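Input: a single structure, listed below in structure tokens.
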Amino acid sequence: MIKHPKFDDIRPYYEEEIPAAMQRIAHSDAFPLLASFVFPDMPLAEVRKKVEGFQTTHDFQHGVMYYVNEQIIARSITEFSCSGLERLNPGKRYLFVSNHRDIMLDASLLQNHLVDGGFETTEITFGANLMVNPLVVDIGKSNKMFKVERPGGSIKDFYRSSLHLSEYIRWTITEKHESVWIAQRNGRTKNGIDTTDQGIIKMFCMSEPHDKIKALADLNIVPVAVSYEWESCDILKALELYESQYTRYTKKPGEDLNSILTGILEPKGRVHFELCKPISVPELSAFENQTNNEYHKSVAKLLDRRINAAYRLYPNNYIAHDLLYGNEKYKSMYTREQYDAFVQRLAELDRYDTCDLERLKEIFIGIYANPVDNQ
């Protein structure tokens with residue numbers, strides 16, 4: 001395994017660190033609960049012995065994480081589909097830039113599709129705000145996750161951490177020969193409008209400052225569109241957006257963990273992943289005469305066009321659009337039963353009667369309606 005001490009503060013575990021991590025995971029207080037979710041038909045002692053025996057990242061990913069995703073699919077997704085893998089080469093390494101709807105699942109479920117298609121799993125960005133619990137750190141770093149610092153502190157600190165991340169991503173893809181998954185923006189899309197932060201594109205370029213075309217061409221960028229029929233955190237997102245409009249929104253203790261668990265457990269209906277056509281050198285070269293700022297913006301918009309075009313719209317999206325605009329423009333795209341199911345979900349907001357319910361419901365509807373306008 002290629003190592004670089006420069007990245008010890010953010011990297012996943014090396015192979016020799018896996019056995020000790022497996023021991024800690026297998027003897028953690030939460031292990032019985034985790035084991036019963038992933039392997040419901042296997043005695044606890046057997047699961048513990050299995051995990052204790054893992055020696056490599058591959059063992060852990062293929063022996064546990066693959067089955068975590070299988071359980072999530074079986075318990076909360078009615079139909080899981082993926083397409084676009086034929087556009088990629090199993091021998092090549094890519095930077096998957098995805099729209100971001102769910103803290104864990106956007107990256108996690110993709111890994112199963114890659115494995116099923118004969119591809120290697122990717123390394124995954126993981127917010128430093130989530131890497132606080134020792135068990136989460138062990139599971140994350142054993143699952144090829146690496147730490148990303150959230151913006152904060154001085155401009156100098158932000159620049160330094162951005163450059164560090166950029167250098168790590170480039171080194172991982174070009175030297176370590178591992179693919180990488182990253183979200184198109186900092187934090188999840190809360191309002192259903194998927195847009196690529198041009199700051200992310202700028203960050204990719206920081207580690208190759210002398211040639212902006214090569215900077216991105218070397219990374220083999222693949223836009224990824226993830227579509228959920230039912231967003232498992234839709235009510236939580238609507239409440240957060242409502243709160244941020246009327247008061248100063250502050251994240252509550254345990255909120256991220258609650259969103260992770262809600263995302264895993266709540267019904268999602270149909271879920272589709274589309275691996276879009278990779279960004280090509282000719283496409284990047286078309287922007288060569290632009291300033292750096294214009295270049296970053298143009299590439300971000302190119303990703304947005306791919307992701308929005310590939311986003312799979314479901315009946316809920318069309319129902320929400322008709323409700324939002326008070327018409328029946330898309331009536332042919334859904335049934336009466338589907339309409340009633342959406343209205344029933346919307347009625348669950350009635351319990352938040354300390355809010356302006358009309359505004360809260362409008363925000364909720366927007367989460368589902370906005371993708372129609374995006375497309």
Side-chain angles (χ1 to χ4, degrees), residues 12 15 18 34-35 37-42 47 50-51 53-126 139-140 142-146 172-173 176-184 220-230 232 260 263-265 267-278 306-307 310-312 314:
E15 298 293 41
I18 295 294
L34 296 173
F37 178 83
V38 187
F39 302 106
D41 302 322
M42 200 183 287
V47 181
K50 177 186 175 81
V51 172
F54 294 148
Q55 299 294 308
T56 65
T57 299
H58 184 277
D59 291 346
F60 179 67
Q61 288 196 316
H62 289 250
V64 170
M65 293 310 298
Y66 185 88
Y67 295 100
V68 169
N69 291 322
E70 289 287 287
Q71 286 293 342
I72 292 168
I73 292 167
R75 297 181 189 207
S76 69
I77 295 174
T78 55
E79 181 187 300
F80 181 62
S81 59
C82 303
S83 55
L85 205 54
E86 71 282 354
R87 298 185 174 112
L88 309 183
N89 176 353
K92 207 168 176 179
R93 297 299 171 253
Y94 297 93
L95 175 59
F96 294 94
V97 182
S98 175
N99 65 331
H100 194 21
R101 298 300 184 93
D102 185 274
I103 291 179
M104 185 183 128
L105 300 185
D106 298 342
S108 194
L109 293 174
L110 174 64
Q111 307 307 314
N112 275 38
H113 179 49
L114 293 172
V115 169
D116 290 343
F119 283 68
E120 294 292 326
T121 56
T122 76
E123 290 201 7
I124 300 168
T125 53
F126 200 50
I139 293 172
S142 300
N143 190 38
K144 288 165 72 167
M145 291 177 157
F146 61 94
T172 299
I173 292 169
K176 199 176 170 188
H177 301 297
E178 293 268 6
S179 292
V180 170
W181 179 95
I182 191 169
Q184 67 178 167
N220 303 316
I221 295 173
V222 178
V224 181
V226 187
S227 319
Y228 295 90
E229 184 171 19
W230 291 99
S232 45
I260 289 172
I264 289 171
L265 300 171
K268 286 164 276 294
R270 291 171 285 182
V271 176
H272 181 72
F273 278 67
E274 179 82 27
L275 304 180
C276 305
K277 181 183 161 193
R306 291 259 159 95
I307 290 170
Y311 191 91
R312 181 165 290 187
Y314 292 108

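Predicted model, so just to flag it, every value in this text is computed and none were measured. The basis for the numbers below is simple: all heavy atoms, side chains too, and nothing from hydrogens, waters or symmetry mates. Throughout, residue positions are numbered sequentially from 1 according to the sequence presented.
A donor-acceptor pair under 3.5 Å links the side-chain atoms of H272 to the main chain of S81, judged by distance alone. S108 places no side-chain N or O within donor-acceptor distance of the main-chain N or O of M104, the cut-off being under 3.5 Å. Listed for the S179 side chain is a donor-acceptor partner under 3.5 Å among the backbone atoms of Y94. The backbone N or O of I124 sits nowhere less than 3.5 Å from a side-chain atom of K144 that would complete a donor-acceptor pair. Judged purely by atom type and a 3.5 angstrom limit, T78 uses its side chain to pair as donor or acceptor with the backbone of G269.
For the atom pair N99 CG and I307 CD1, the distance stands at 5.5 Å (nearest 0.5 Å). The distance from atom SG of C82 to atom NE2 of H113, rounded to the nearest 0.5 Å, is 4.5 Å. To the nearest 0.5 angstrom, C276 atom SG is 13.0 Å from Y311 atom OH. Here E123 contributes atom CD and R93 contributes atom CZ; the two are 11.0 Å apart, rounded to the nearest 0.5 Å. Rounding to the nearest 0.5 Å places CE of M65 at 6.5 Å from CE of M145.
L95 has its side chain within reach of I173: a pair of non-hydrogen atoms, C-beta onward, lies under 4.5 Å apart. Counting only heavy atoms from C-beta outward, the side chains of F60 and I139 approach each other to under 4.5 Å. Within the 4.5 Å cutoff, no side-chain heavy atoms of W230 are placed close to those of P267. Proximity of V47 to V38: side-chain heavy atoms (C-beta onward) are nowhere separated by under 4.5 Å.
A salt bridge links E274 with R87; the closest basic N to acidic carboxylate O contact falls under 4.0 Å.
Here H62 pairs with H58 under the ring-ring contact (aromatic ring centres under 6.0 Å, His included) rule; sequence neighbours left out. In this view, Y67 and F39 satisfy the ring-ring contact (aromatic ring centres under 6.0 Å, His included) rule, not counting sequence neighbours.
When N220, L114, V180, I182 are each tested for a side chain to side chain contact (heavy atoms under 4.5 Å, CB included) with F96, only one passes: L114. Test N69, T122, N143, D116 against Q111 for side chain to side chain donor-acceptor pair (under 3.5 Å) and you get one pass: T122. Shown are R270, R312, K268; of these, the salt bridge (Lys or Arg N to Asp or Glu O under 4.0 Å) with E229 is made only by R270.
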Using the rule given for side chain to side chain contact (heavy atoms under 4.5 Å, CB included), can you reason through L88 versus F119, listing the C-alpha separation, both sets of side-chain angles and the distance that settles it, and then say yes or no?
CA-CA 9 Å; L88 309 183; F119 283 68; 3.8 Å; yes
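Heavy-atom contacts from other residues, nucleotides or ligands closer than 6.0 Å to CD of E178 number more than 12.
Nearest heavy atom pair, residue A225 against residue A310, reads CB-CB, 3.8 Å. Nearest approach of F273 to D106, heavy atoms of both residues: CE2-O, 3.1 Å.
Taking the ring axis of F37 as reference, the NZ or CZ atom of R75 stays within 45° of it and closer than 6.0 Å to the ring centre.
T57 and E15 are linked by a side-chain donor-acceptor pair at a separation below 3.5 angstrom, with hydrogens and angles left out of the test.
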